[in-house]
Amino acid sequence: MSPLPSGLLGDLDPTSDRAVFRQIADQLREAIDRGRFREGEKLPSEADLVDHFGVSRMTVRNAFSILQGEGLVHAEHGRGVFVRPRPPVRRLASDRFARRHREQGKSAFIVEADAAGSHPQVDSLEVKEEKASQDVSARLGSVRRVLARRRRYLLDGRPVEFATSYLPLDIARGTPIAEPNPGPGGIYARLEELGHRLDHFEEEIRARMPSPAEVKTLRLAAGVPVIHLIRTAFDTEGRAVEVCDTVMAADAYVLSYQLPAT
């Protein structure tokens, strides 16, 4: 077993009150932050770290657990522990719903995937009429039933978000919006063709830890939170024409905003 390269990791501080496994986690975290370990790169093995720091395997595993809980690394069975890639998709709020994209036949997700150089896919598609929840009903102007469109989005085969759009039945029933594939530009292009020219969107965003079902659906690693976003689309008459409830893997996205200075 060869020693780690000089300067890659430091030594433990025997005078510190900080637990040894936390000191090891601190050193690995700093090495990642400073670029000594790049995205996707394998960290030193348990055996290497045991030898370098003179500690037990359990101490090293506890250090790795801290970094996994922070979402900095992920473990692959039989291969080791790797630095987690940074978010590949920049979600630019000021541009993603621009009309020019719809006119080019592109949905917001396709636009973002193209910018990231990734291959977009949609699966787990379900379209059905159902009773509106109290929250959705209130956002859509007290409607009782809605058309719900559920789908999961993937980039290069990796699930990154799942979303459900709710639309009033008097708008969506019997239109291409009710079809599994609503056509180029997505449901917003179809809404405008139906006379509901979009005026603005309102979004509410919060970060939280995922539910067990969300972990399974998005294949989330331990410690990775989700971004929960609820968007309401309004037409030029001021009517709410869609509510979209989206859960995104937080390690897959950067949320980017441009705000006026006035």
Side-chain angles (χ1 to χ4, degrees), residues 1-91 112-113 115-119 154-161 205-212 214-228 247-257:
M1 182 184 304
S2 58
L4 297 179
S6 177
L8 187 65
L9 296 173
D11 298 318
L12 299 175
D13 182 358
T15 67
S16 175
D17 292 333
R18 191 163 177 77
V20 170
F21 73 94
R22 294 189 183 278
Q23 290 189 53
I24 295 173
D26 293 343
Q27 293 208 29
L28 290 169
R29 186 188 305 106
E30 180 181 4
I32 293 170
D33 291 341
R34 291 180 178 272
R36 296 174 193 155
F37 298 113
R38 297 183 298 274
E39 294 179 26
E41 187 174 347
K42 183 179 178 180
L43 294 183
S45 68
E46 287 184 7
D48 289 335
L49 294 175
V50 165
D51 183 64
H52 179 79
F53 290 113
V55 297
S56 69
R57 282 185 177 268
M58 185 55 66
T59 299
V60 171
R61 289 172 185 170
N62 287 339
F64 280 152
S65 293
I66 289 178
L67 299 180
Q68 284 184 267
E70 294 172 354
L72 287 177
V73 303
H74 68 280
E76 297 184 13
H77 184 68
R79 296 191 62 218
V81 178
F82 296 80
V83 179
R84 183 176 294 282
R86 300 290 192 235
V89 180
R90 180 169 294 274
R91 186 182 184 278
E112 291 166 348
S118 297
H119 174 64
L154 302 89
L155 289 176
D156 299 324
R158 176 199 170 188
V160 293
E161 68 175 84
I205 302 173
R206 65 189 179 107
R208 58 174 173 78
M209 297 309 295
S211 69
E214 290 165 346
V215 169
K216 181 178 180 180
T217 299
L218 294 175
R219 302 178 197 163
L220 297 172
V224 176
V226 293
I227 300 168
H228 188 183
V247 176
M248 299 179 284
D251 63 342
Y253 285 92
V254 171
L255 305 186
S256 179
Y257 294 85

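Remember, it's a predicted structure, so these values are computed and weren't measured experimentally.
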So, taking the atom named [atom1] in [X] and the one named [atom2] in [Y], what distance separates them when rounded to the nearest 0.5 Å?
X	Y	atom1	atom2	value
Arg57	Leu49	CZ	CG	10.0 Å
Asp11	Phe53	CG	CZ	7.5 Å
Leu43	Phe37	CG	CZ	5.5 Å
Leu255	Met248	CG	CE	5.0 Å
His228	Glu214	NE2	CD	7.5 Å
Asp26	Leu9	CG	CG	11.5 Å

With a 4.5 Å heavy-atom cut-off, do [X] and [Y] have their side chains touching?
X	Y	answer
Leu4	Asp48	yes
Gln23	Asp13	yes
Ile66	Arg22	yes
Leu12	Val20	yes

Would you find a donor on one side and an acceptor on the other, under 3.5 Å apart, between the side chain of [X] and the backbone of [Y]?
X	Y	result
Arg84	Leu72	no
Glu41	Val83	no
Lys42	Arg79	yes
His52	Gly10	yes
Gln27	Ile24	no
Asn62	Phe21	no
Ser65	Arg61	yes

What is the minimum heavy-atom distance between [X] and [Y], and which atoms define it?
X	Y	value
Gly157	Arg219	O-NH1, 3.6 Å
Pro225	Pro210	CA-CD, 4.1 Å
Leu218	Ala249	CD1-N, 4.0 Å
Arg208	Val247	NH2-CG2, 3.9 Å

Stepwise side-chain contact (heavy atoms from CB on, under 4.5 Å) check, Val160 with Leu154: CA-CA 5 Å; Val160 293; Leu154 302 89; 5.9 Å; no

Evaluation steps, side-chain contact (heavy atoms from CB on, under 4.5 Å), between Val73 and Phe82: CA-CA 5 Å; Val73 303; Phe82 296 80; over 6 Å; no

